[in-house]
Amino acid sequence: MDTPISPRKLESQISESGSEFISDNSLNLKGDNVEVKNLALLPVLSLDTISDCLEKRYKQDLIYTNCGDILISVNPFKEVELCSPKVILVSGESGAGKTEATKLLVHHLMSVAGCEFKTLQDIIIKVNPLLEAFGNAKTSLNGNSSRFAKYLSLNINEKGKIESARVKDYMLEKSRVVHQEAGERNFHAFYAFLTGASDDTLETVFINRSDTF
């Protein structure tokens, strides 16, 4: 059985032996690499072996290849029966910029695919402040932290244009309504209500404006 050789180890061996550079072809790798779905499993990981594997998979209409937890997609430049609804997951630590990244993503998709309604992009973006009012709060790490997850669905018609969108929220941190850690606050909407509501309205919900929240 062949012993896997990492590029760094191979380079070290070549340097120590004083030999000239050895190409990947001289390593006599078994198989044509078409069945290698994850580049991290290649016996030798180098620019040549990666390119060779991607090229051979591409010629078999295998346009998706993993490299660890990274997915590489090669443009097939033709219609292939591989497309299905796609999901883009925007994740990160609090304050990493997920909301802003999503806005840029929506703008890019609208620009590339086109849209049946010119105002759709503005509507999607303008609904964010409403969602943030009832789902964002100040935390110890971020003054405007999203305390919920958001699912944005873009519907594409037979012309390839975006014709509608749907935003759904889930996993709302409901416990924040009744309890917050030290230095953190309730959802933004609560303080907007506290500021704008009349004393009579606050009295009906047993809230004293002078209390600390």
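- Distance alone, capped at 3.5 Å, places no donor-acceptor pair between the Tyr151 side chain and the Val167 backbone.
- When hydrophobic clusters are built by joining Ile, Leu, Val, Met, Phe, Trp and Tyr residues whose side-chain heavy atoms come closer than 4.5 Å, directly or via intermediates, Leu41 is not grouped with Leu62.
- Between atom CG of residue Asn155 and atom CD of residue Glu163 there is a gap of 6.5 Å, rounded to the nearest 0.5 Å.
- Arg176 is listed as a side-chain neighbour of Glu173, based on a closest heavy-atom distance under 4.5 Å.
- A donor-acceptor pair is defined here as one N or O able to donate and one able to accept, closer than 3.5 Å; such a pair exists between the side chain of Asn157 and the backbone of Gly160.
- With 3.5 Å as the limit, one finds a donor-acceptor pair spanning the side chains of His107 and Gln121.
- Once rounded to the nearest 0.5 Å, the distance linking OG of Ser164 with CG of Leu154 reads 8.5 Å.
- At distances below 3.5 Å, not a single donor-acceptor pair connects side-chain atoms of Thr119 with backbone N or O atoms of Asp122.
- In this structure, Val177 is a member of the same hydrophobic cluster as Phe148, with clusters built from ILVMFWY side-chain heavy atoms closer than 4.5 Å.
- No hydrogens or angles considered: nothing links the side chains of Lys103 and Asn128 as a donor-acceptor pair under 3.5 Å.
- The shortest non-hydrogen separation linking Ala101 to Val90 is CB-CG1, 4.3 Å.
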Go through the steps to decide whether Val36 and Leu42 satisfy the test side-chain contact (heavy atoms from CB on, under 4.5 Å), and finish with yes or no. CA-CA 7 Å; Val36 179; Leu42 287 172; 4.0 Å; yes
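- A distance of 10.0 Å separates NZ in Lys78 from CD1 in Ile63, rounded to the nearest 0.5 Å.
- Hydrophobic cluster membership is shared by Leu152 and Leu172, with clusters built from Ile, Leu, Val, Met, Phe, Trp and Tyr side chains linked at under 4.5 angstrom.
- Val87 and Val106 fall into different hydrophobic clusters, defined by Ile, Leu, Val, Met, Phe, Trp and Tyr side-chain heavy atoms under 4.5 Å apart, directly or through other members.
- Taking a 6.0 Å sphere around CD of Glu203, one finds it holds 12 or fewer heavy atoms contributed by other residues, nucleotides or ligands.
- Distance check: Asn136 CG to Asn144 CG gives 4.5 Å after rounding to the nearest 0.5 Å.
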side-chain contact (heavy atoms from CB on, under 4.5 Å) between Leu54 and Thr65, worked out: CA-CA 7 Å; Leu54 292 177; Thr65 307; 3.7 Å; yes
Evaluate Glu100 against Leu104 for side-chain contact (heavy atoms from CB on, under 4.5 Å), listing each step before the verdict. CA-CA 6 Å; Glu100 293 303 315; Leu104 293 173; 5.6 Å; no
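- What you find for Ala40 and Gly68 is that their closest heavy atoms are CB-N, 4.1 Å.
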What do the steps show when you test Asp199 against Arg209 for side-chain contact (heavy atoms from CB on, under 4.5 Å), and what is the final call? CA-CA 8 Å; Asp199 291 338; Arg209 199 188 303 273; 2.8 Å; yes
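- Judged purely by distance below 3.5 Å, without hydrogens or angles, the side chains of Thr99 and Thr102 never pair a donor atom with an acceptor atom.
- Of all heavy-atom pairs between Ile207 and Phe190, the closest is CD1-CE1, 3.8 Å.
- At least one donor-acceptor pair closer than 3.5 Å links the side chain of Arg57 to the backbone N or O of Tyr64.
- Criterion: ILVMFWY side-chain heavy atoms under 4.5 Å apart, direct or through other members. Under it, Met110 and Leu105 are part of a common hydrophobic cluster.
- A distance-only check finds no donor-acceptor pair linking the side chain of Glu184 to the backbone of Gln180 [under 3.5 Å].
- Using a 3.5 Å distance cut-off with no hydrogens or angles, the side chains of Arg166 and Ser153 do not pair a donor with an acceptor.
- Figure legend: cation-pi geometry between Arg147 and Phe187 absent, as NZ or CZ is not positioned both under 6.0 Å from the six-membered ring centre and within 45° of its axis.
- Between the side chain of Thr201 and the backbone N or O of Ala197, no donor-acceptor pair lies under 3.5 Å.
- Here the straight-line distance linking atom OG1 of Thr49 with atom CG of Leu39 works out to 8.0 Å at 0.5 Å rounding.
- Within a 6.0 Å radius of NZ in Lys98, more than 12 heavy atoms belonging to other residues, nucleotides or ligands are found.
- In this structure, Thr204 OG1 and Leu202 CG are separated by 7.5 Å, a value rounded to the nearest 0.5 Å.
- Dense packing is recorded around CZ of Phe193, with more than 12 heavy atoms of other residues, nucleotides or ligands lying under 6.0 Å away.
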